[in-house]
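Working notes, beginning with the structure itself.
Note that the structure is predicted; figures quoted are calculated from it, not measured. Letters A, B, ... mirror the listed sequences (proteins, then strands); counts begin at 1.
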2 protein chains.
Amino acid sequence: MRYSIGQAARKTGLTTHTLRYYEKEGLLPFVKKSGSGLRVFSDGDIGWLEMIECLKGTGMPLKGIKQYIDWFIEGDSTLPQRLEMFQKQKKNLEEQIALLQKHMAKIDYKIRLYAKAVELGSLEKARIDKGLQKEQQKIYGADSFSTSEDAKQTTR
Amino acid sequence: MRYSIGQAARKTGLTTHTLRYYEKEGLLPFVKKSGSGLRVFSDGDIGWLEMIECLKGTGMPLKGIKQYIDWFIEGDSTLPQRLEMFQKQKKNLEEQIALLQKHMAKIDYKIRLYAKAVELGSLEKARIDKGLQKEQQKIYGADSFSTSEDAKQTTR
DNA sequence: ATAATCTTTAGAGTTAACTTTAAGTCAAGA
DNA sequence: TCTTGACTTAAAGTTAACTCTAAAGATTAT
């Protein structure tokens with residue numbers, strides 16, 4: 001299948017502006033032009049865009065993605081670099097997910113705290129609630145009870 | 001405990017510039033000043049910074065974080081808004097993690113592909129490898145075999 | 001006491017990734 | 001044919017979140 005830039009934009013969820021910007025940045029070296037100068041996207045190009053979204057979505061800057069594409073164009077002599085790049089990206093991603101899960105624990109605690117606070121009509125009362133205090137210590141550790149900013153505001 | 005801006009920076013992993021910038025943006029309304037005008041950070045302020053890092057790290061812009069702080073200052077009348085904010089942030093975060101795990105599957109596939117390619121000295125040969133083709137179909141679905149950009153480059 | 005280090009301010013500069021604008025050219029339907 | 005909407009380029013503008021600079025005042029170690 002062949003797609004105009006507008007069709008490619010709809011298929012990928014990007015804008016036509018963004019697609020032209022990516023091309024200018026060297027991220028779409030395989031996109032062809034029609035006789036009258038219009039861009040023609042192939043399914044292969046859509047596939048590249050999906051890989052670009054994957055790498056961008058896992059925190060790689062466009063420059064890094066361009067490096068991968070340049071290695072691809074260079075051919076099999078750059079296979080080790082590309083493998084290493086994906087291995088590094090996997091490690092990054094594992095760390096990202098682990099960090100997000102820590103953040104999730106914090107947010108879950110806040111939801112329980114604020115649910116209780118809404119129930120009681122007071123953040124102070126919710127904080128004093130024994131059940132929540134216990135749970136908080138489980139999450140942050142007994143020593144770092146004071147790392148909850150809501151709790152600490154009482155100490156000022 | 002009390003901390004200078006430099007000590008607070010070391011404790012949080014931020015720079016002193018960033019801490020001043022956050023204060024200017026209204027994110028640190030509880031930080032006090034010494035008689036001679038130096039900032040004095042309390043453990044409570046460090047706790048706020050940890051919460052800021054959590055919200056920032058889960059994709060909330062500084063403006064959204066400031067809104068939360070403004071609600072906190074406003075007091076118990078804004079408890080429902082704050083609860084709703086954390087609930088939305090949790091939902092966001094669940095979606096983020098789910099997306100990252102999709103990306104992880106793609107990257108894992110690429111690692112297997114490139115490991116085979118390095119072994120065989122050729123991306124083309126690795127692609128033809130039956131085991132990998134089968135696995136690829138499992139990940140992307142049989143219809144979307146052509147969504148691998150490495151595979152699709154052969155069709156140009 | 002004095003040198004080295006830290007902190008202060010206001011404001012300018014940077015970076016990545018778009019996003020918009022302007023001034024046109026191209027293609028498809030009534 | 002006319003009009004409507006999609007497309008073209010080059011270049012300027014935007015946004016978020018820093019990041020740096022300069023010049024001066026404050027703190028700490030010897």
Side-chain angles (χ1 to χ4, degrees), chain A residues 1-29 31-42 45-46 48-69 89 92 96 99 103, chain B residues 1-29 31-42 45-46 48-69 89 92 96 99 103:
Chain A
M1 274 290 284
R2 305 285 126 156
Y3 311 94
S4 73
I5 193 170
Q7 292 169 324
R10 262 164 262 136
K11 244 183 128 62
T12 57
L14 300 166
T15 69
T16 58
H17 298 303
T18 301
L19 290 176
R20 284 192 206 97
Y21 168 69
Y22 282 1
E23 187 186 279
K24 201 175 63 181
E25 295 299 304
L27 297 173
L28 301 172
V31 173
K32 293 279 174 289
K33 297 277 187 94
S34 75
S36 52
L38 305 195
R39 286 174 188 78
V40 181
F41 287 73
S42 69
D45 296 321
I46 305 295
W48 273 104
L49 283 167
E50 283 166 6
M51 194 67 230
I52 288 169
E53 281 304 278
C54 171
L55 292 172
K56 186 161 66 80
T58 55
M60 186 178 286
L62 299 190
K63 271 187 188 179
I65 299 171
K66 177 165 166 40
Q67 171 68 270
Y68 166 54
I69 289 165
Q89 198 63 8
N92 277 349
Q96 278 175 55
L99 184 56
H103 291 333
Chain B
M1 273 291 284
R2 305 285 125 155
Y3 311 94
S4 71
I5 193 169
Q7 292 169 324
R10 262 164 263 135
K11 244 183 129 62
T12 58
L14 299 166
T15 69
T16 58
H17 296 302
T18 301
L19 290 176
R20 285 192 206 98
Y21 168 68
Y22 281 2
E23 187 187 277
K24 201 174 62 181
E25 295 299 304
L27 269 51
L28 301 172
V31 173
K32 293 279 173 290
K33 297 276 187 94
S34 75
S36 52
L38 305 195
R39 287 174 186 77
V40 181
F41 287 72
S42 68
D45 297 320
I46 304 295
W48 273 104
L49 283 166
E50 283 166 6
M51 195 68 230
I52 288 168
E53 281 303 279
C54 171
L55 292 172
K56 186 161 66 82
T58 54
M60 186 178 287
L62 298 191
K63 272 187 189 178
I65 298 171
K66 178 167 165 38
Q67 172 68 271
Y68 166 55
I69 289 165
Q89 199 63 7
N92 277 349
Q96 278 176 53
L99 183 57
H103 291 334

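Side-chain atoms of B:Asp45 and B:Leu28, non-hydrogen and from C-beta on, never get closer than 4.5 Å to each other. The shortest distance between side-chain heavy atoms of B:Leu62 and B:Tyr21 falls below 4.5 Å. Between B:Leu27 and B:Ile69 the shortest side-chain heavy-atom distance falls below 4.5 Å.
The A:Pro61 side chain lies nearest to C:dA17 when the options are C:dA17, C:dT7, C:dC18.
Taking atom NZ of B:Lys63 as the reference point, atom C1' of D:dA16 lies 9 Å away to the nearest angstrom. The nearest whole Å value for the distance from the CZ atom in A:Arg10 to the P atom in D:dG5 is 13 Å. The CZ-C1' distance, from B:Arg20 to D:dA22, rounds to 13 Å in whole Å. Straight-line distance from the CD1 atom of B:Ile5 to the P atom of C:dT9: 8 Å, rounded to whole Å. Rounded to an integer number of Å, the gap from CD of B:Gln7 to C1' of D:dT27 is 12 Å. Spacing between atom CG of B:Leu14 and atom P of D:dA17 amounts to 13 Å, rounded to whole angstrom units. Residue B:Tyr21 contributes atom OH, which lies 15 Å from atom C1' of C:dA12 at whole-angstrom precision. The distance between atom CZ of A:Arg39 and atom P of C:dA27, rounded to the nearest whole Å, is 14 Å.
For C:dT9, the OP1/OP2 oxygens have a side-chain nitrogen or oxygen of B:Lys33 closer than 4.0 Å. Regarding contacts with the backbone of D:dT8, every side-chain N or O of A:Ser36 stays at 4.0 angstrom or more from both OP1 and OP2. OP1 or OP2 of D:dC18 lies within a sub-4.0 Å distance of a side-chain N or O belonging to B:Tyr22.
Across all strands shown, A:Ser4 has heavy atoms under 4.0 Å from sugar-phosphate atoms exclusively, and none from any base.
Place A:His17 and A:Ser34 on DNA chain C by their nearest nucleotides, and A:His17 ends up nearer the 5' end.
Taking 4.0 Å as the cut-off between side-chain N and carboxylate O, B:Lys56 and B:Glu53 count as a salt-bridged pair.
Side chain of B:Gln96 to backbone of B:Thr58: a donor-acceptor contact under 3.5 angstrom is found.
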